[in-house]
Asker: 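To start, I am sharing the structure in question, which I have written as structure tokens.
Treat the numbers as computed from the prediction; the structure is a model and nothing was measured. Residue numbers begin at 1 in each chain, while the letters A, B, ... track the order of the sequences.
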Amino acid sequence: MANGPGMFRRRNPVGPLEYTRRAWVRLFLLGTFVFLYVPIGTLMIYSFNDSRRNIVWRGFTTKYYEKAWNNDGLIEAFTNSLTIAFFSTIFATVLGAMVAVFLWRFRFPFKAPYEGAMALPIVIPEICMGVALMAFFSRVGWPSGLPWPINLSSITIAHIAFSFPFVAVIVRARLVGFNRELEEAARDLGANEWRTFWDVLVPYMRPGLVAGALMAFTLSLDDFVITFFTSGPETVTFPVKVYSMVRFSVTPEINAASTILIVITVALTVIAMWLQGRAQAADKKRK
Amino acid sequence: MTSEPGAAPIISIENVTRRFGESVVAVDDVSLDIREGEFFALLGPSGCGKTTLLRMIAGFETLTSGTIRIDGQDIVGVPPNKRPVNMVFQSYAVFPHMTVADNVGYGLKVTGVSKGNRAGMVEEALGLVQLDGLGGRKPDQLSGGQRQRVALARALVKRPKVLLLDEPLSALDAKLREAMQLELVRLQHSVGITFVIVTHDQSEALSMADRIAVMESGKVRQVAPPAELYEYPTNRFVADFIGKMNLFEGRAEAGANGVLNVDVAGLGTISVPSQDTVSGSVGIAVRPEKMRLLSDQPDPSMISVAGTVSEVAYLGNESHVYVETEAGLKLNIVVKNDTRTVEPAVKLGDQRWAAWAPGDTLVLRE
Ligand SMILES: Nc1ncnc2c1ncn2[C@@H]1O[C@H](COP(=O)(O)OP(=O)(O)O)[C@@H](O)[C@H]1O
Ligand SMILES: [Mg+2]
């Protein structure tokens, strides 16, 4: 045969819609990629730079990771951030999922405006929410100076407030594809409403719940603006701590700490996206 | 079969109406009795209210008015999980996150059957629908037909008094559908449970059901066994909906001595044997396969009319011939191709007589 596997093949000509095979498109894609990742890449590389000052490369070291690890203030801030993220994620996930189920399940007056208002914190400028929450906590006279971890409660509440709408939106989107006959089948087979909820709806929502929870976790972990307004002197979180350190000088220690934060958030986001993609693929296969 | 008339109905539907909003009457004052052990079909065009009626029996739809009794017990207000009926959903609604065995066992689990007892019952149910050995599979590893069997097993394992099936075969391809029709009948015989099936496919209903209720825009138009429905429809809708039918409009004079004279435009006055003494406008109906296509005028004991062959559709075993009369009547006649020949028996433009026995004529009051 003329076109067997061993033959020299001419390159396929570029088809009219194969934009990704055109040079200028490839250049554009490369350009945006560089624009996005050069600053972050530089930060991560310089965390291994063997130099007090962050300007020229002096060789590879991990001592700044060690230094960050031994910085009590930084570790305390990191512990605070993880604690806040942990609790706010649990509450935001439950609250967000409940809102999503209510919006999906029931018809009630002013449902559309309510649904819109629920999603509003996603677009409200963080600075406004920060100021509003700060005013709120001082107005109600939220106690300060409580023992750890109760002193983190105001930040945690603030984090729940801005992250649960994200969970609600993600879970709500997942519920759109739900086949109501599954619920009816469970009822038909003898399950009461509560059983049906746990046996049918929750398993279906699970990918959305996990994705939403991971989203809430990363949002809480790296939030600066709202936290800055609601934190006190003894409730410093990781981003706030980094900010206060940067005000003196940008040291490789900060680079090291930031790199760890980036790795954590990117990993969680990738997991969240992967879970959502897998659930969608499974749904498609089922069709 | 236990469907002899007079047996106590397992489901009794009395004056049931269901409205959606102001204008839609999905089910309109329906009264029906479904007998124990029978294979009952709700047949009608799309949107006539079949699904709504079925869902009211299952408990997923409320009644605007009327009552439904299952085995003598008024079940209005009883939630679906407390009703002695089970349903096979149109989408099958097999739980995607459970294995086949867990799906089938679900209804037993939620009603507190122990794990040990469940295993045997699940196995038996899977055997009943010929899914032996597939208990460990996930639904997305099954074909559409197999998923339907899971839905069937899952409902049957509960030993309901009535099994409700909403368009169970509509998602299957033609070959599988035919096989499944036979299998559903076999299954119903072997388990002895009353089946109520919803379908818009008349051949499905005719071939499977013991009795059929034909519905039209929320109303039940006739309830009868398949042959009676086909041979003795009681109104124009059923006559036209089931099979093919030649329908004419006529005026009857009050009949006497078992004979009714009907004046049909284009046919003249025909005399039809009928106990009916109706007078006024009636529908006259004759099945195409009851008509003969003749070259010469038959003797006057037959009802006949002359015309020109205007269309011939050759279908192999038979041909559908259309004859148009001078008065503009168009008659559909089925001609059996029972001699082996490639010569067409009739050609377009042929002059022929269409004739049928008076006894094959139906008089429809509605
Ligand atoms: N939940 C509902 N809300 C409004 N109208 C409905 C609803 N369910 C059914 N209907 C209407 O009731 C009529 C009968 O529907 P259905 O019982 O599904 O018909 P079928 O199953 O015979 O095709 C249709 O006109 C349909 O639009
Ligand atoms: Mg329907």
Asker: How close do A:A191 and B:V110 get, heavy atom to heavy atom, and via which atoms?
Answerer: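 Shortest heavy-atom contact: N-CG2, 3.8 Å.
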Asker: So, B:N86 versus A:D188: side-chain donor-acceptor pair below 3.5 Å or not?
Answerer: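 Checked: B:N86/A:D188 side chains pair up, N/O donor to acceptor below 3.5 Å.
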Asker: Would you mind checking which part of B:R83 comes under 4.5 Å of any heavy atom in chain A, side chain (CB onward), backbone (N, CA, C, O), both or neither?
Answerer: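 Contact with chain A involves no heavy atom of B:R83 at all.
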Asker: Can you name the nearest heavy-atom pair linking A:E181 to B:F89, along with the distance?
Answerer: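 The answer is OE1-CB, 3.3 Å.
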Asker: Taking side-chain hydrogen bond (donor to acceptor under 3.5 Å, both in side chains) as the cut-off, I'd like each qualifying pair that reaches into residues 100-113 of chain A, sequence neighbours left out, listed once.
Answerer: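 As it turns out, the side-chain hydrogen bond (donor to acceptor under 3.5 Å, both in side chains) pairs with a partner in residues 100-113 of chain A, which skip direct neighbours, are A:R105-A:E183.
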Asker: Specify the closest pair of heavy atoms between A:L182 and B:F95, including all atoms of both residues, with the distance to one decimal.
Answerer: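 Taking every non-hydrogen atom into account, O-CE2, 3.3 Å.
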Asker: Check whether B:V94 gets within reach of chain A through its side chain, its backbone, both or neither, counting any heavy atom under 4.5 Å.
Answerer: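 Only the backbone of B:V94 comes within 4.5 Å of chain A.
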Asker: Under 4.5 Å heavy-atom distance to chain B, tell me which part of A:N179 shows up: side chain, backbone, both or neither.
Answerer: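 Just its side chain gets close to chain B.
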Asker: Tell me which of these, B:G144, B:S91, B:P160, has more heavy-atom pairs under 4.5 Å with chain A than the rest.
Answerer: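 Max contact count across the listed options: B:S91.
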Asker: At their closest point, which heavy atom of B:F60 faces which heavy atom of A:R187, and how far apart are they?
Answerer: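 Looking at all heavy atoms of both residues, the shortest contact is CE2-CB, 4.0 Å.
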Asker: Looking at B:H97 and A:V200, would you say the former's side chain and the latter's main chain have a donor-acceptor pair under 3.5 Å?
Answerer: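 No.
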Asker: Of the non-hydrogen atoms in B:R154 and A:A185, which two are nearest, and what is the gap between them?
Answerer: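 Shortest heavy-atom separation between B:R154 and A:A185 comes out as NH2-CB, 3.5 Å.
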